[in-house]
Participant: 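One structure follows; several queries about it will come next.
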Amino acid sequence: MSAKHVFLLVGWLCVASTGLAQSTNPYVTGLRRDDVVRVDYREFATLPDIDGVAARMMLLAQEPGTRNLFVNDMRGPLYRVSADGRSVTLYVNIDDSTWSRDIQSQGRERGFQSFAFHPQFNERGSPGYGKFYTWSDVTDKEPAPDFAPTGEGDTHDMVLLEWSAKDPSAADYDGDVPRELLRVQHPFANHNGGLLAFNPLARPGQPDYGTLYVGSADGGSGGDPMNMSQNMGSIFGKILRIDPLGTNSRNGKYGIPADNPFVSTTGALGEIYALGVRNPQRFAWDPTNGRMYVADIGQNIVEELSPVPKGGNLGWNVWEGSFKYGGRGGGVDMTARRSDSAMTFPIAEYDHTDSLLTNRAAVTGVIVYRNGPITQLRNRILFGDMPSGEVLHVSADDTQAGGQDHIRRVLFNDKGEAKTYLQLIREKNAQQGKTPAARADLRFGTGPDDQVFLLNKADGVIRLLLPSR
């Protein structure tokens, strides 16, 4: 064989091996269809349409000190729902002109993203009395942002607001114009904010009590083109932890807890609790051991459910789940799976090619279900796929496996049949005289007594999960 032919052969082998290393389907066996948990449900409450379009529900959470629930619509309304679900009343519309906050809710990903009530919301005389927080995309870009992207782009701003009710038990919000805590300039229309949450396990006197966790996505487009998720000086691609009642931040409007992991790191934002996330829609804590988990939406290949240790790096955009990220036009690198000890890798993941999924894939969650009435789901972590509405679960105790072999499904008993969540939504749409939904846009909510609720953006119905009879 000539030297020329040897060179060509070696070149071909290199290309072939590179191609074999890249995959757009790292889990060829797919999610398991057997070993399904079946649960009952009931339609708990219904939110009103706006201009004939179903409520774009994002979050349901319990009001501190009561059994009431609150749920938001991405277009601006925040509703109070009674403990029995029979009463749904508008508490405040943050898009109302009274507040001078024009919500940017165009498209599927922008709008009123999240809210959180201070744990002292109903404790008269306490610093957090009457206070709750909203995380929203807005059209107003006039005020100078506190944080901006590392490159060009300014599609909208995102603001974290503090609202102060004079009487938390009033039928609707009776406070003044909200106080702006921080403002972020967004370079692209997608991948905006995620969840706001206070750690429900923290008790007065503990360092985590009253600290607010804030999900901040990577800024959008695709592939984190400005490389902000791994940039410790950028707010994008992070989970933040702040004291909303403090004043030691750069703008003096909120506090940075002294025990945050990077407060003494040169060039790092003190607000950062964890980094390397892409689109951290939802996170939660395990009531048994306090561990934090996040459902982080992947690029084109892998969806992940991951632990969030203090100061942890979840890898994006170097890693997509357990695999080296292959770039916007490619797959993932199969040759170096979970090979960096400095990274925090998923406890469960799945890819986009599974036939169970519709309309691409996007992970959501998270509920660590320990003591609720559905015995089959105890000691399991509940999460799901937003577009398809698939509800999934893995062990809350054996969290070292990674991959997807241990993921199981939840289906819903309906007149003797086992149905998916999307099937329930489509059948409800038919009853409503609407076009059946193409996707579910699943979200979870929690209530008193370990209640689990399912939300969506297609039929306005809040459903409560119940033990199978």
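What's counted below: heavy atoms across the whole structure, side chains too, no hydrogens, waters or symmetry copies.
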Participant: Any side-chain donor-acceptor pair under 3.5 Å between Gln62 and Thr446?
Facilitator: no
Participant: Could you tell me the separation between the CZ atom of Arg378 and the CG atom of Asn371, rounded to the nearest 0.5 Å?
Facilitator: 7.0 Å
Participant: Cut-off 3.5 Å, side chains only: do Tyr27 and Glu349 have a donor facing an acceptor?
Facilitator: yes
Participant: Report yes or no: do Ser306 and Glu304 form a side-chain donor-acceptor pair below 3.5 Å?
Facilitator: yes
Participant: For Asn25 and Ser23, does a side-chain donor sit closer than 3.5 Å to a side-chain acceptor?
Facilitator: no
Participant: Are any side-chain N or O atoms of Asp96 and backbone N or O atoms of Trp99, one a donor and one an acceptor, separated by less than 3.5 Å?
Facilitator: no
Participant: Ignoring hydrogens and geometry beyond distance, is a side-chain donor-acceptor pair present between Asn227 and Asn317 at under 3.5 Å?
Facilitator: yes
Participant: Would Val394 and Phe383 count as a side chain to side chain contact (heavy atoms under 4.5 Å, CB included) if you check the C-alpha gap in whole Å, the side-chain angles of each, and the deciding distance to 0.1 Å?
Facilitator: CA-CA 9 Å; Val394 294; Phe383 64 109; 3.9 Å; yes
Participant: Using only atom types and a distance under 3.5 Å, with no angle test, would you say the side chain of Tyr325 pairs donor to acceptor with the backbone of Arg328?
Facilitator: yes
Participant: List the steps, then state whether side-chain hydrogen bond (donor to acceptor under 3.5 Å, both in side chains) holds for Trp316 with Asp296.
Facilitator: CA-CA 10 Å; Trp316 179 251; Asp296 192 20; over 6 Å; no
Participant: Run the numbers on Tyr133 and Glu162 for side-chain hydrogen bond (donor to acceptor under 3.5 Å, both in side chains), then give the verdict.
Facilitator: CA-CA 5 Å; Tyr133 302 85; Glu162 177 185 80; 2.8 Å; yes
Participant: Would Tyr369 and Arg380 count as having a side-chain donor-acceptor pair, cut-off 3.5 Å?
Facilitator: no
Participant: How about CG on Asp34, more than 12 heavy atoms from neighbouring residues, nucleotides or ligands closer than 6.0 Å, or not?
Facilitator: yes
Participant: Any donor-acceptor pair under 3.5 Å linking the side-chain atoms of Asn300 with those of Arg360?
Facilitator: yes
Participant: Does a donor on one side chain sit under 3.5 Å from an acceptor on the other, for Arg110 and Ser105?
Facilitator: no
Participant: I'd like to know if the side chain of Asn72 reaches the main chain of Phe112, judged simply by a donor and an acceptor atom lying under 3.5 Å from each other, with no hydrogens or angles considered.
Facilitator: yes
Participant: Is it true that Asn199 and Asp208 share a donor-acceptor pair across their side chains at a distance under 3.5 Å?
Facilitator: yes
Participant: Please determine whether salt bridge (Lys or Arg N to Asp or Glu O under 4.0 Å) holds for the pair Lys428 and Glu43, giving the CA-CA distance in whole Å, both sets of side-chain angles, and the decisive distance to 0.1 Å.
Facilitator: CA-CA 10 Å; Lys428 189 65 178 183; Glu43 294 185 358; 3.1 Å; yes
Participant: Start with the C-alpha distance between Trp135 and Leu182, add both sets of side-chain angles, then the distance that settles side chain to side chain contact (heavy atoms under 4.5 Å, CB included), and finish with yes or no.
Facilitator: CA-CA 10 Å; Trp135 193 210; Leu182 66 87; 3.9 Å; yes
Participant: Any donor and acceptor pair, going by atom type alone, linking the side chain of Asp441 with main-chain N or O of Pro387 inside 3.5 Å?
Facilitator: no
Participant: Is Arg86 atom CZ crowded by more than 12 heavy atoms from other residues, nucleotides or ligands, each under 6.0 Å away?
Facilitator: no
Participant: Does the side chain to side chain contact (heavy atoms under 4.5 Å, CB included) test come out yes or no for Tyr209 and Gln120, once each step is laid out?
Facilitator: CA-CA 10 Å; Tyr209 186 74; Gln120 297 173 333; 3.4 Å; yes
Participant: May I ask you to check whether Trp163 and Phe117 place their ring centres under 6.0 Å from each other?
Facilitator: no
Participant: Can you find a side-chain donor-acceptor pair between Glu109 and Asn192 that sits under 3.5 Å?
Facilitator: no
Participant: Would you find a donor on one side and an acceptor on the other, under 3.5 Å apart, between the side chain of Arg179 and the backbone of Lys253?
Facilitator: yes
Participant: Rounded to the nearest 0.5 Å, how far does CG of Leu212 lie from CG of Leu245?
Facilitator: 9.5 Å
Participant: Rounded to the nearest 0.5 Å, what's the gap from CG on Leu466 to CZ on Phe412? Could you check?
Facilitator: 11.0 Å
Participant: Quick check: closest heavy atoms across Ser234 and Met228, and the distance to 0.1 Å?
Facilitator: OG-CB, 3.5 Å
Participant: Return yes if some donor-acceptor pair links the side-chain N/O of Gln104 with the main-chain N/O of Ala189 below 3.5 Å, else return no.
Facilitator: no
Participant: How far apart are the C-alpha atoms of Asn456 and Arg443, what are their side-chain angles, what is the distance that settles it, and do they pass the side-chain hydrogen bond (donor to acceptor under 3.5 Å, both in side chains) test?
Facilitator: CA-CA 6 Å; Asn456 70 85; Arg443 298 295 192 283; over 6 Å; no
Participant: Provide the closest heavy-atom pair for Gln299 versus Gly223 in the form atom of the first, atom of the second, distance.
Facilitator: OE1-N, 2.9 Å
Participant: Could you tell me whether the side chains of Asp140 and His156 share a donor-acceptor contact shorter than 3.5 Å?
Facilitator: no
Participant: Can you find a side-chain donor-acceptor pair between Ser355 and Arg33 that sits under 3.5 Å?
Facilitator: yes
Participant: Compare all side-chain heavy atoms of Leu275 with those of Gln230 and state whether any distance is below 4.5 angstrom.
Facilitator: yes
Participant: Taking Ser136 for its side chain and Gly111 for its backbone only, find out whether a donor-acceptor pair lies under 3.5 Å.
Facilitator: no
Participant: Would you say that Lys238 contacts Tyr273 through its side chain, given a criterion of any heavy-atom pair below 4.5 Å between the two side chains?
Facilitator: no
Participant: Counting the benzene-type ring for Trp, do Phe70 and Tyr91 have ring centres under 6.0 Å apart?
Facilitator: yes
Participant: What I'd like to find out is whether the side chain of Tyr79 reaches to under 4.5 Å of the side chain of Leu69, using heavy atoms alone.
Facilitator: no
Participant: What is the distance from atom CG of Leu356 to atom CG of Asp354, rounded to the nearest 0.5 Å?
Facilitator: 4.5 Å
Participant: If we ignore angles and hydrogens, is there a donor and acceptor under 3.5 Å between the side chains of Asn413 and Ser468?
Facilitator: yes
Participant: Compute the centroid of each ring, for Phe198 and then for His118, and state whether the two points are separated by less than 6.0 Å.
Facilitator: yes
Participant: Is the closest side-chain donor-acceptor distance between Asp224 and Ser229 under 3.5 Å?
Facilitator: yes
Participant: Could you tell me which non-hydrogen atom of Ser388 sits nearest to which non-hydrogen atom of Leu357, and how far apart they are?
Facilitator: OG-CD2, 3.7 Å
Participant: Decide yes or no on side-chain hydrogen bond (donor to acceptor under 3.5 Å, both in side chains) for Thr353 and Asp351, but give the supporting numbers first.
Facilitator: CA-CA 6 Å; Thr353 61; Asp351 68 32; 2.9 Å; yes
Participant: How about Val452 and Ile374: do any of their side-chain heavy atoms sit closer than 4.5 Å?
Facilitator: no
Participant: Could you tell me whether the side chain of Leu78 reaches within less than 4.5 Å of the side chain of Tyr173, counting heavy atoms only?
Facilitator: no
Participant: Establish, from distance only, whether the side-chain atoms of Asn279 and Gln281 form a donor-acceptor pair under 3.5 Å.
Facilitator: yes
Participant: Is there side-chain contact between Val37 and Arg408, with at least one heavy-atom pair below 4.5 Å?
Facilitator: no
Participant: Looking just at side-chain N and O atoms, do Asp397 and Ser395 make a donor-acceptor pair shorter than 3.5 Å?
Facilitator: no
Participant: Are any side-chain N or O atoms of Gln432 and backbone N or O atoms of Asp459, one a donor and one an acceptor, separated by less than 3.5 Å?
Facilitator: yes
Participant: Walk me through whether Phe453 and Phe44 qualify under ring-ring contact (aromatic ring centres under 6.0 Å, His included).
Facilitator: CA-CA 9 Å; Phe453 298 89; Phe44 180 79; 4.9 Å; yes
Participant: Output yes when a side-chain donor or acceptor of Asn122 lies under 3.5 Å from a complementary backbone atom of Pro64, and no otherwise.
Facilitator: yes
Participant: Going through the checks in order, is the side chain to side chain contact (heavy atoms under 4.5 Å, CB included) test met by Leu59 and Leu195?
Facilitator: CA-CA 8 Å; Leu59 176 66; Leu195 182 67; 3.9 Å; yes
Participant: Between the side chain of Tyr421 and the main-chain N/O of Leu455, is any donor-acceptor distance below 3.5 Å?
Facilitator: yes
